[in-house]
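On a predicted model such as this, the values are computed, not experimentally measured, just so you know.
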Amino acid sequence: MDDFQNAEELVFVVDDVSNIVKEAIENTIGGSSYQHNKVNQWNSNVVEQCLNQLTKLNKPFKYIVTCIMMQKNGAGLHTASSCFWDSNTDGSCTIRWENKTMYCIVTVFGLAI
């Protein structure tokens, strides 16, 4: 049983991270409409909330969190990432959130220490 717990502590659990990200987005943006003058603060809040909650998991990981917010106006957005890591322990999670006026895309990378 202890081996299972130890093994789970060393794995990036996408479901846990996904829930943290969704909660951070909802707490920060919620039902707000896109407002250019608030986007920088919203971006910072989402990233900081994610990092705070991820560190509370007390897992031996380094985290990288990125957040993109974009007004819905018909423009295209394409992103890509590539990682060279230990796929047994490290991982990533991308959440795409939207409402009527904007998109929010948050990516979390977790690297085992």
Side-chain angles (χ1 to χ4, degrees):
M1 183 71 177
D2 284 339
D3 288 341
F4 177 74
Q5 277 183 309
N6 290 339
E8 190 167 297
E9 286 177 10
L10 300 175
V11 176
F12 185 86
V13 182
V14 173
D15 289 341
D16 294 345
V17 175
S18 176
N19 290 334
I20 287 171
V21 171
K22 289 174 185 174
E23 185 176 321
I25 295 169
E26 284 294 331
N27 289 343
T28 301
I29 304 170
S32 300
S33 295
Y34 182 87
Q35 297 174 51
H36 178 73
N37 61 335
K38 292 189 177 183
V39 170
N40 284 338
Q41 187 60 50
W42 288 341
N43 241 329
S44 295
N45 288 350
V46 168
V47 170
E48 288 173 17
Q49 281 187 43
C50 287
L51 283 174
N52 287 336
Q53 293 304 312
L54 288 165
T55 56
K56 287 180 182 177
L57 294 175
N58 291 321
K59 291 191 172 193
F61 279 87
K62 289 184 180 181
Y63 296 103
I64 301 164
V65 180
T66 65
C67 181
I68 300 169
M69 290 188 188
M70 181 176 160
Q71 183 177 15
K72 278 189 178 179
N73 61 5
L77 174 68
H78 302 272
T79 65
S81 66
S82 179
C83 301
F84 180 74
W85 60 24
D86 183 349
S87 58
N88 293 320
T89 55
D90 306 338
S92 67
C93 172
T94 300
I95 298 296
R96 180 177 168 263
W97 179 94
E98 67 180 285
N99 65 16
K100 291 181 180 181
T101 61
M102 67 180 143
Y103 298 102
C104 179
I105 302 165
V106 177
T107 301
V108 177
F109 299 94
L111 308 166
I113 298 173

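Side-chain heavy atoms closer than 4.5 Å link hydrophobic residues (I, L, V, M, F, W, Y) into clusters, and following such links, even through other members, never connects V46 to M70. Residues L57 and V21 share a hydrophobic cluster, clusters being chains of Ile/Leu/Val/Met/Phe/Trp/Tyr side chains in contact below 4.5 Å. If you chain together hydrophobic residues whose side chains sit under 4.5 Å apart, F109 and L51 never meet in one group. By the rule that hydrophobic residues join a cluster once side-chain heavy atoms approach within less than 4.5 Å of another member, Y63 and V47 end up as members of one cluster.
Annotation for E23: atom CD does not count as buried by contact number, only 12 or fewer foreign heavy atoms lying within 6.0 Å.
In summary, the side chains of Q41 and N45 do present a donor paired with an acceptor at a separation below 3.5 Å, with no hydrogens or angles considered. Of the N and O atoms on the side chains of Q35 and W42, not one donor lies less than 3.5 Å from an acceptor on the other residue.
Taking every heavy atom of both residues into account, S92 and V14 meet most closely at O-CG2, 4.0 Å. Taking both residues in full, the closest heavy atoms of A112 and F61 are given as N-CD2, 3.5 Å, listed atom of the first, atom of the second, then distance. When all heavy atoms of V65 and C50 are compared, the closest pair comes out as CG1-CB, 4.1 Å.
Taking OG from S33 and CG from N99, the interatomic distance works out to 6.5 Å, rounded to the nearest 0.5 Å. Rounded to the nearest 0.5 angstrom, M69 CE and T28 OG1 are separated by 6.5 Å.
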Practice task
Verify side chain to side chain contact (heavy atoms under 4.5 Å, CB included) between I105 and L77, making sure each step is shown before the conclusion.
Solution key: CA-CA 11 Å; I105 302 165; L77 174 68; 3.7 Å; yes
Exercise for the section: Kindly indicate, with the supporting measurements, whether the criterion side chain to side chain contact (heavy atoms under 4.5 Å, CB included) is fulfilled by V108 and F12. Expected result: CA-CA 10 Å; V108 177; F12 185 86; 4.2 Å; yes
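When each of T79, T94, I95 is tested with T107 by the rule side chain to side chain contact (heavy atoms under 4.5 Å, CB included), just one qualifies, namely T94.
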